[in-house]
Amino acid sequence: CHQALPVACFILLALFSGFISRVYFKQGSNILVNLFISGFIYTAMVAVATYLFPIIFGLERKHIGDALVKIRKMVLRDRS
């Protein structure tokens with residue numbers, strides 16, 4: 001049960017992001033635009049869920065913060 005719950009949550013997030021893109025953005029005729037918008041919404045919701053509940057992936061919030069700091073340093077170093 002503890003392994004099926006996260007999968008079910010992510011499936012619900014996927015369905016919800018598809019619903020949001022269809023209802024609010026009304027791009028029904030262009031499937032690629034719908035796919036892009038729902039994918040963006042899904043990715044944002046998964047990022048928030050990962051930050052709020054890092055235990056889903058066996059992480060702690062501190063690990064996520066450390067990884068974000070490393071990524072930020074790499075991006076800023078590449079700009080120089």
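The structure presented is a predicted model; accordingly, all values stated were derived computationally and were not measured.
Taken from CD1 in Ile37 to CD1 in Ile20, the straight-line distance is 11.5 Å, to the nearest 0.5 Å. The distance from atom OG of Ser38 to atom CE of Met45, rounded to the nearest 0.5 Å, is 9.0 Å.
Both Phe57 and Phe53 are members of a single hydrophobic cluster when ILVMFWY side chains are connected at heavy-atom separations under 4.5 Å. Leu52 and Ile56 fall within a single hydrophobic cluster, where Ile, Leu, Val, Met, Phe, Trp and Tyr side chains are chained together by heavy-atom contacts under 4.5 Å. Hydrophobic clustering, with ILVMFWY side chains joined whenever heavy atoms are under 4.5 angstrom apart, groups Val7 together with Leu15. Using a 4.5 Å cut-off between side-chain heavy atoms of Ile, Leu, Val, Met, Phe, Trp and Tyr, with links allowed through other members, Leu59 and Val48 fall into the same hydrophobic cluster.
Tested against Ser21 for a side-chain contact (heavy atoms from CB on, under 4.5 Å), the candidates Leu35, Val33, Asn34 yield a single pass: Asn34.
At a threshold of 4.5 Å between non-hydrogen side-chain atoms, the residues Pro54 and His63 do not count as touching. Within the 4.5 Å cutoff, the side chain of Phe16 has no heavy atoms near those of the Leu12 side chain. Taking the side chain as every heavy atom from C-beta outward, Leu13 and Phe10 approach each other to under 4.5 Å.
Note on Asp66 versus Lys70: no salt bridge recorded, every NZ/NE/NH1/NH2 to OD/OE distance being 4.0 Å or above.
Remark: Tyr51 OH is loosely packed, at most 12 non-hydrogen atoms of other residues, nucleotides or ligands lying under 6.0 Å away.
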